[in-house]
Amino acid sequence: MSEKTALITGASSGIGKSFAEILAKEGYNLILVARRKQKLDTLAETLTKQFSIEAKVLVADLSKIEQIKVVEEAIKSLDNIDILVNNAGFGLSSSFAEGNYERQLDMVNIHVVASYMLSRATVPVMLRVNKGLIINVSSMSGLMTKLGDVTYTTTKAFLIVLSESLQEELKDTNIKIHALCPGMTYSEFHDTKDLEKFDRSTVPKRLWMSSKEVATKSLRAARKGKVVYVPGFLNRLSLLLSKLVFVRIISQWFIKRNEKKA
Ligand SMILES: NC(=O)c1ccc[n+]([C@@H]2O[C@H](COP(=O)([O-])OP(=O)(O)OC[C@H]3O[C@@H](n4cnc5c(N)ncnc54)[C@H](OP(=O)(O)O)[C@@H]3O)[C@@H](O)[C@H]2O)c1
């Protein structure tokens, strides 16, 4: 039986499920966290049979602090944790002032508080053996914070800053921290009630990636020590272009301002 352990939040679908499948294939024992027990049970059973690993299911709603604490305690009780994937999340598309406040707070708890608490519980366990990997699933939105829903972009930006800052603190250890910033990815993300107005067909097909592709590329980049990572050439190109456009607008603003002063 394998000695390696990975805990994945949001493992019941999409990118989290793909991480679980890839890591099971690599021989990791898994702790699968999300709310939908049946989906987690089915995944755990499939992966256990297919790859002779152990897969435990931990049902938790990470928008509730008390339930985050249950996952935190599970981590603290482990002898070792090799990989933590803070992946659970959802999207919003509303105005900051008029959006559903409960959902906005849920998002802060899932993206920010849960990732923070679970990382805080994990790092001391990893330090005991001086190795490990934490993947924080952020988004390209965390790098393009002037576009999109304020709560989503802000909470995703937090995950990037947390990763960079924590990696810096751990630079003399063998613990790697990785912020994954996917673009458009096929999953259940765009099927939730929060994004019911979103129409996948409005985004060109070539900009979409599969969850499996995103998780595979992320793991490869993380193991090479990449701290902030955008999977997919077209995503990286569009990020660059968005920055160039932004730089152009700023430069034009400076030029106009200086013209007025002159
Ligand atoms: N898909 C994209 O285009 C895209 C792009 C950039 C970033 N991302 C990020 O990728 C991550 C994974 O999303 P995905 O695309 O794989 O979407 P997904 O298929 O909807 O998966 C989301 C996962 O998060 C879990 N989750 C949601 N609310 C939760 C809660 N309150 N407590 C515990 N778990 C919860 C869901 O499980 P349960 O419903 O069973 O709880 C599910 O397993 C998210 O953080 C998302 O922001 C996605």
Side-chain angles (χ1 to χ4, degrees), residues 7-22 30-44 57-71 85-93 102-115 117-118 135-144 147-149 151-160 163 178-196 198-200 202-203 205 207-215 217-218 228-232 234-235 238-239:
L7 185 144
I8 302 159
T9 70
S12 58
S13 67
I15 298 171
K17 185 178 177 195
S18 292
F19 270 116
E21 289 165 345
I22 296 163
L30 300 175
I31 303 170
L32 306 170
V33 182
R35 291 166 303 177
R36 289 172 293 173
K37 184 175 184 324
Q38 182 139 25
K39 283 193 177 261
L40 294 179
D41 282 341
T42 307
L43 180 65
V57 164
L58 187 47
V59 176
D61 181 342
L62 299 176
S63 68
K64 312 268 184 290
I65 305 289
E66 285 315 310
Q67 297 191 32
I68 304 173
K69 283 186 181 163
V70 173
V71 185
V85 186
N86 285 312
N87 162 78
F90 67 96
L92 280 175
S93 181
E102 292 301 317
R103 288 304 277 158
Q104 290 170 332
L105 287 183
D106 283 353
M107 181 171 273
V108 172
N109 281 342
I110 299 168
H111 293 176
V112 175
V113 181
S115 303
M117 286 173 68
L118 301 188
I135 297 178
N136 291 315
V137 182
S138 174
S139 166
M140 279 177 69
S141 300
L143 295 162
M144 301 162 91
L147 301 170
D149 183 275
T151 314
Y152 189 73
T153 55
T154 307
T155 54
K156 289 299 182 181
F158 170 87
L159 289 169
I160 296 168
S163 305
H178 174 80
L180 166 63
C181 305
M184 291 296 176
T185 309
Y186 289 117
S187 69
E188 296 179 16
F189 184 83
H190 298 98
D191 300 330
T192 60
K193 202 169 173 294
D194 301 293
L195 295 183
E196 63 191 355
F198 182 84
D199 176 1
R200 282 190 179 87
T202 56
V203 180
K205 277 209 166 110
L207 286 180
W208 289 86
M209 291 173 75
S210 71
S211 291
K212 185 179 177 186
E213 204 181 349
V214 169
K217 284 178 185 290
S218 166
V228 179
Y229 177 65
V230 177
L234 285 179
N235 285 335
S238 58
L239 185 66

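The structure presented is a predicted model; accordingly, all values stated were derived computationally and were not measured. Atoms within each ligand, like the ligands themselves, are counted from 1 in listed order. These numbers come from the heavy atoms of this one structure, side chains and all, not from hydrogens, waters or symmetry mates.
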### Query
So is P182 in contact with ligand 1, going by heavy-atom distances below 4.0 Å?
yes
### Task
Identify the protein heavy atom lying closest to atom 4 (C) of ligand 1, giving its residue, its atom name and the separation to 0.1 Å.
G183 O, 3.9 Å
### Message
Looking at ligand 1, would K17 count as a contact under a 4.0 Å heavy-atom criterion?
### Response
no
### Message
Once rounded to the nearest 0.5 Å, what's the spacing between atom CZ of R36 and atom OG1 of T42?
### Response
11.0 Å
### Query
Looking only at protein heavy atoms, which one is nearest to atom 15 (O) of ligand 1, and how far off is it?
S187 OG, 2.6 Å
### Task
Starting from the C-alpha separation in whole Å, work towards a yes-or-no answer on side-chain contact (heavy atoms from CB on, under 4.5 Å) for F198 and V203.
CA-CA 10 Å; F198 182 84; V203 180; 3.9 Å; yes
### ligand 1 contact on M140 by region, counting heavy-atom pairs under 4.0 Å
neither
### Query
Looking at I110, which atoms of ligand 1 are within less than 4.0 Å of one of its heavy atoms?
28 (N), 29 (C), 30 (C), 31 (N)
#### Entry: Axial cation check for Y186 ring with R200, 6.0 Å and 45° limits
no
### Summary
For M184, the ligand 1 atoms with a heavy-atom partner under 4.0 Å come out as 3 (O)
#### Entry: Nearest protein heavy atom with distance in Å, relative to atom 24 (O) of ligand 1
G89 N, 3.3 Å
### Task
Give the contacting part of H190 toward ligand 1: side chain, backbone, both or neither, where contact means a heavy-atom distance below 4.0 Å.
side chain
## Note on the structure
In ligand 1, the atoms that come under 4.0 Å of a heavy atom of G14 are 16 (O), 19 (O)
#### Entry: CG-CE distance between L234 and M209, expressed to the nearest 0.5 angstrom
9.5 Å
### Short N or O distance, S139 and ligand 1, threshold 3.5 Å exclusive
no
### Message
Exactly one of T9, D106, N109 should register a side chain to side chain contact (heavy atoms under 4.5 Å, CB included) with L62. Which one does?
### Response
T9
#### Entry: Whether T155 side chain and Y152 backbone form a donor-acceptor pair below 3.5 Å
yes
### Message
Within the 4.0 Å heavy-atom shell around A60, which atoms of ligand 1 are there?
### Response
32 (N), 33 (C)
### Query
Just how far is it from atom OG of S211 to atom NZ of K17, taken to the nearest 0.5 Å?
9.5 Å
### Summary
Among N87, L40, V137, L32, the residue with a heavy atom nearest to atom 45 (O) of ligand 1 is N87
### Query
Looking only at protein heavy atoms, which one is nearest to atom 1 (N) of ligand 1, and how far off is it?
T185 O, 3.1 Å
### Task
Measure the distance from atom 25 (C) of ligand 1 to every protein heavy atom, then report the residue, atom name and distance (to 0.1 Å) of the closest one.
G10 CA, 3.6 Å
### Query
Is a donor on one side and an acceptor on the other found under 3.5 Å between the side chain of S138 and the backbone of K156?
yes
### Task
Measure the spacing between OG of S218 and CD1 of I15 and express it to the nearest 0.5 Å.
9.0 Å
### Query
What atoms of ligand 1 come within less than 4.0 Å of a heavy atom belonging to S138?
7 (C), 9 (C)
### Message
Using a 3.5 Å cut-off on N or O atoms only, is G16 in polar contact with ligand 1?
### Response
no
### Message
Using a 4.0 Å cut-off to any heavy atom of D61, which atoms of ligand 1 qualify?
### Response
30 (C), 31 (N), 32 (N)
### Task
Not counting sequence neighbours, which residues clear salt bridge (charged side-chain N to carboxylate O under 4.0 Å, His left out) with D149? List them please.
none
### Query
Should the proximity of S141 to ligand 1, defined as any heavy atom under 4.0 Å, be assigned to the side chain, the backbone, both, or neither?
neither
### Task
Among all protein heavy atoms, pick out the one at the shortest distance from atom 8 (N) of ligand 1; state its residue, atom name and that distance to 0.1 Å.
Y152 OH, 3.7 Å
### Message
Side chains of S163 and N136 only: does a donor on one sit below 3.5 Å from an acceptor on the other?
### Response
yes
### Salt-bridge present (E188, K39; N to O < 4.0 Å)
yes
### Task
May I ask you to check whether S12 has an N/O atom sitting below 3.5 Å from an N/O atom of ligand 1?
yes
### Query
What distance separates S139 OG from L180 CG, expressed to the nearest 0.5 Å?
9.0 Å
### Query
Just which atoms of ligand 1 are under 4.0 Å from any heavy atom in A11?
43 (O)
### Query
Which residue and non-hydrogen atom of the protein lie closest to atom 35 (C) of ligand 1, and at what distance in Å?
A88 CB, 3.9 Å
### Query
How close do K217 and P231 get, heavy atom to heavy atom, and via which atoms?
CD-CB, 4.2 Å
### Query
What residue and heavy atom of the protein are closest to atom 46 (C) of ligand 1, and at what distance?
F189 CE1, 3.5 Å
